[in-house]
Amino acid sequence: MEEEIDYLYEYAKIGLLYFVPLWDSAESLAGKSAPLVRVREVTLELIGALTDRGVRVGPLSHREDRLIEPWNLSREEILLRVAEELEQRSDPLDCIEICGFTA
């Protein structure tokens with residue numbers, strides 16, 4: 001998992017890490033036949049690891065001077081918010097609306 005976290009962190013340092021590539025990483029780490037609940041768990045583990053490295057999390061910005069509007073939340077609050085948003089969506093592609101990541 002550490003290698004995947006490194007990859008995602010570097011991605012977020014270069015620019016905007018959208019939710020979908022992070023979800024794809026979670027699916028890969030969870031395994032091909034993993035249930036959706038396991039993919040969600042791994043997604044939250046990845047987000048937690050990224051926030052531990054200082055990655056900012058928030059909705060995509062419409063302003064030209066920033067990529068996201070970072071949430072001013074603790075790690076635990078971020079994970080709870082994302083978990084609640086994931087529960088409301090049946091299609092992983094809709095997850096792009098949850099948030100993005102920048103470092």
Side-chain angles (χ1 to χ4, degrees):
M1 180 177 278
E2 196 64 32
E3 186 176 311
E4 199 68 29
I5 294 166
D6 290 342
Y7 166 75
L8 294 169
Y9 178 71
E10 291 302 318
Y11 195 133
K13 281 176 43 178
I14 293 170
L16 177 61
L17 170 60
Y18 288 94
F19 202 95
V20 173
L22 187 134
W23 180 268
D24 290 344
S25 292
E27 282 183 319
S28 176
L29 290 168
K32 192 176 248 185
S33 60
L36 185 58
V37 66
R38 179 63 187 140
V39 177
R40 288 178 177 164
E41 289 170 356
V42 175
T43 298
L44 295 174
E45 290 173 23
L46 290 171
I47 293 170
L50 291 172
T51 60
D52 289 344
R53 292 187 181 196
V55 170
R56 293 173 301 281
V57 183
L60 305 182
S61 178
H62 298 289
R63 295 174 46 177
E64 290 184 24
D65 61 335
R66 63 177 70 173
L67 299 171
I68 64 168
E69 297 293 336
W71 291 328
N72 187 21
L73 303 172
S74 70
R75 178 188 195 271
E76 292 75 23
E77 291 169 321
I78 288 170
L79 295 177
L80 180 61
R81 185 165 181 174
V82 172
E84 290 171 351
E85 292 281 343
L86 285 172
E87 287 295 322
Q88 296 175 15
R89 290 170 169 74
S90 59
D91 184 350
L93 292 179
D94 291 339
C95 293
I96 194 168
E97 298 172 9
I98 296 174
C99 61
F101 309 87
T102 60

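The shown structure was predicted, so the numbers you read here are calculated from the model rather than taken from an experiment.
Tracing side-chain contacts under 4.5 Å through hydrophobic residues (I, L, V, M, F, W, Y), one reaches Leu79 starting from Phe19; they form part of the same cluster. Side-chain heavy atoms closer than 4.5 Å link hydrophobic residues (I, L, V, M, F, W, Y) into clusters, and following such links, possibly through other members, connects Ile5 to Leu17. Under the 4.5 Å side-chain contact rule for hydrophobic residues, Phe101 and Tyr9 share a cluster. Residues Leu29 and Leu86 share a hydrophobic cluster, clusters being chains of Ile/Leu/Val/Met/Phe/Trp/Tyr side chains in contact below 4.5 Å. Using a 4.5 Å cut-off between side-chain heavy atoms of Ile, Leu, Val, Met, Phe, Trp and Tyr, with links allowed through other members, Ile78 and Val42 fall into the same hydrophobic cluster.
The shortest non-hydrogen separation linking Ala83 to Leu44 is CB-CD1, 3.8 Å. For Pro21 against Leu8, the heavy-atom pair with the smallest separation is O-CD2, 4.4 Å.
How far OH of Tyr7 is from CG of Leu46: 12.5 Å, rounded to the nearest 0.5 Å. The OH atom of Tyr11 lies 10.5 Å from the CG atom of Leu22; values are rounded to the nearest 0.5 Å. Between Thr43 atom OG1 and Leu36 atom CG the span is 8.5 Å, to the nearest 0.5 Å.
In terms of the side chain to side chain contact (heavy atoms under 4.5 Å, CB included) criterion, residue partners of Arg89 (sequence neighbours excluded) are, by chain and number, Glu85, Asp94, Cys95, Glu97, Ile98. Annotation: salt bridge (charged side-chain N to carboxylate O under 4.0 Å, His left out) contacts of Glu10 (sequence neighbours excluded): Lys13. Shown here are the side chain to side chain donor-acceptor pair (under 3.5 Å) partners of Asn72, two or more places apart in sequence or in another chain: there are none. The side chain to side chain donor-acceptor pair (under 3.5 Å) test applied to Asp24 returns no partner, not counting sequence neighbours.
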Donor-acceptor pairs under 3.5 angstrom involving side-chain atoms of residues 47-60: please list them, not counting sequence neighbours.
{"unit_1": "Thr51", "atom_1": "OG1", "unit_2": "Ile47", "atom_2": "O", "d": "3.3"}
{"unit_1": "Thr51", "atom_1": "OG1", "unit_2": "Gly48", "atom_2": "O", "d": "2.8"}
{"unit_1": "Asp52", "atom_1": "OD1", "unit_2": "Arg75", "atom_2": "NE", "d": "2.8"}
{"unit_1": "Arg53", "atom_1": "NH1", "unit_2": "Asp6", "atom_2": "OD1", "d": "2.9"}
{"unit_1": "Arg53", "atom_1": "NH2", "unit_2": "Glu2", "atom_2": "OE2", "d": "2.6"}
{"unit_1": "Arg53", "atom_1": "NH2", "unit_2": "Asp6", "atom_2": "OD1", "d": "2.6"}
{"unit_1": "Arg56", "atom_1": "NH2", "unit_2": "Thr102", "atom_2": "OG1", "d": "3.4"}
{"unit_1": "Arg56", "atom_1": "NH2", "unit_2": "Ala103", "atom_2": "O", "d": "3.4"}

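Screening residues 30-49 for salt bridge (charged side-chain N to carboxylate O under 4.0 Å, His left out) gives Arg38-Glu41, Arg38-Glu45, Arg40-Glu87 as the qualifying pairs, with residues at least two apart or on separate chains.
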| said: For a side chain to side chain contact (heavy atoms under 4.5 Å, CB included) check, start with the C-alpha distance between Ile68 and Cys99, then their side-chain angles and the critical distance, and finish with the verdict. | reply: CA-CA 8 Å; Ile68 64 168; Cys99 61; over 6 Å; no
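Other residues, nucleotides and ligands contribute more than 12 heavy atoms inside 6.0 Å of the CD atom of Gln88.
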